[in-house]
Amino acid sequence: MRHFLNLSDAGADGVAAILADALDRKAARSGWTKGRVDADAPLAGHVLAMIFEKNSTRTRVSFDMAVRQLGGQSIVMDAGQMQLGRGETIADTARVVSGYVDAIMIRTGDHAKVEEMAAHASVPVINGLTDASHPCQIIADLLTILDAGKALPGLKVAWLGDGNNVLASIIEAAGLMHFDVVAACPQGFQPSESEVALGKGRVRVVGTAREAVEGADIVATDTWISMGQAHAETKLAAMMPFQVDAALMANAKPDAKFLHCLPAHRGEEVTADVIDGPKSLIWPEAENRLHGQKAILRWCFGQIG
Ligand code: CP
Ligand code: NVA
């Protein structure tokens with residue numbers, strides 16, 4: 001059984017296979033309408049159930065369209081409308097839903113919940129974001145970097161702002177795919193020691209934004225207040241020196257690109273001129289969620305890797 005709870009579940013070879021498959025399939029359907037099924041329809045006869053305990057635009061629509069393009073079908077559920085929202089356990093939900101569908105994607109808070117889902121499901125379980133990680137997002141980010149003509153080994157990624165779930169998965173990817181991450185986060189919001197350890201020596205945490213972006217190929221950030229966190233003025237104030245603006249971008253490599261998983265808050269973690277400017281890859285990054293999810297699904301079903 002292949003669960004995709006973190007990038008390490010696939011390992012370096014699995015991530016490489018996912019990236020290659022996503023790029024191949026993306027190229028093969030260039031110019032097609034979005035609803036057309038891929039020629040080989042590799043998930044014909046398969047159904048994916050998606051459970052959302054938190055809001056989503058990209059993950060929800062891209063997974064739904066991913067399954068359709070692969071020839072399968074999906075069921076999208078908000079946890080609050082399920083018995084899960086009235087206290088039915090994750091374990092019981094996992095056992096029951098496994099009897100109806102071929103794979104489960106869940107977006108939730110506590111990472112232990114996706115682990116519990118995987119432990120009790122008899123079908124593959126995919127992490128659609130937890131407070132601890134967001135592996136599907138990082139597959140899309142790596143695709144976007146490759147699409148931009150940059151190689152992963154030796155790449156330098158600068159992360160600015162909150163040491164959150166997205167950063168944790170970027171660090172995990174760095175350890176697997178041999179690129180470097182320099183994170184500049186305010187005191188109290190830096191990645192934990194165990195998260196840094198996932199980078200296998202490829203991660204540095206520094207105190208200033210300027211230090212992080214020096215020589216960077218990619219500059220990335222994310223919302224300062226993640227889903228489920230209280231909107232705290234003190235946190236926003238601490239984050240302000242780590243805002244990505246044009247002056248900061250000018251200290252990265254001349255051909256550096258900007259990434260953001262979205263949703264964005266212009267004027268907070270990034271200025272409008274950067275996120276809407278020529279160095280920004282946010283729209284291809286968002287589209288790559290679709291191509292990435294397709295390959296993740298195929299990996300879960302043992303079709304690649
Ligand atoms: N980046 C991302 O996961 O977006 P959604 O929250 O809209 O799914
Ligand atoms: N760090 C953000 C990512 C949203 C896609 C959050 O968890 O809300």
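All ligand and atom numbering here is 1-based and tracks the order in the structure.
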Visitor: Less than 4.0 angstrom from a charged side-chain N to a carboxylate O is my criterion; do K253 and D217 meet it?
Guide: yes
Visitor: Dump all N/O pairs between ligand 2 and the protein below 3.5 Å as a table: atom names plus distance, one pair per row.
Guide:
from, atom 1, to, atom 2, distance (Å)
ligand 2, 1 (N), N164, ND2, 3.3
ligand 2, 1 (N), N165, OD1, 2.9
ligand 2, 1 (N), D222, OD2, 2.6
ligand 2, 1 (N), S226, OG, 2.7
ligand 2, 7 (O), N165, ND2, 2.8
ligand 2, 7 (O), S226, OG, 3.4
ligand 2, 8 (O), M227, N, 2.8

Visitor: So, are R204 and D180 salt-bridged, with charged N and O less than 4.0 Å apart?
Guide: no
Visitor: What pairs with D21 under salt bridge (charged side-chain N to carboxylate O under 4.0 Å, His left out), at least two apart in sequence or on another chain?
Guide: R25, R298
Visitor: Taking 4.0 angstrom as the limit, do R95 and D92 come out as a salt bridge?
Guide: yes
Visitor: Got the residues with a heavy atom under 4.0 Å of ligand 1, by chain and number?
Guide: S56, T57, R58, T59, R107, H134, Q137, C261, L262, R289
Visitor: Looking at residues at least two apart in the chain, or sitting in another chain, which of them share a side-chain contact (heavy atoms from CB on, under 4.5 Å) with D13?
Guide: none
Visitor: Do NZ/NE/NH1/NH2 and the carboxylate oxygens of D131 and K54 come within less than 4.0 Å?
Guide: yes
Visitor: Before accepting this row, confirm whether a basic side-chain N of the pair K235/D162 lies closer than 4.0 Å to the acidic partner's carboxylate O.
Guide: yes
Visitor: Do you know the tightest heavy-atom contact between G161 and M239?
Guide: C-SD, 3.6 Å
Visitor: Ring of F52, cation from R60 - is the NZ or CZ under 6.0 Å from the centre and inside 45° of the axis?
Guide: yes
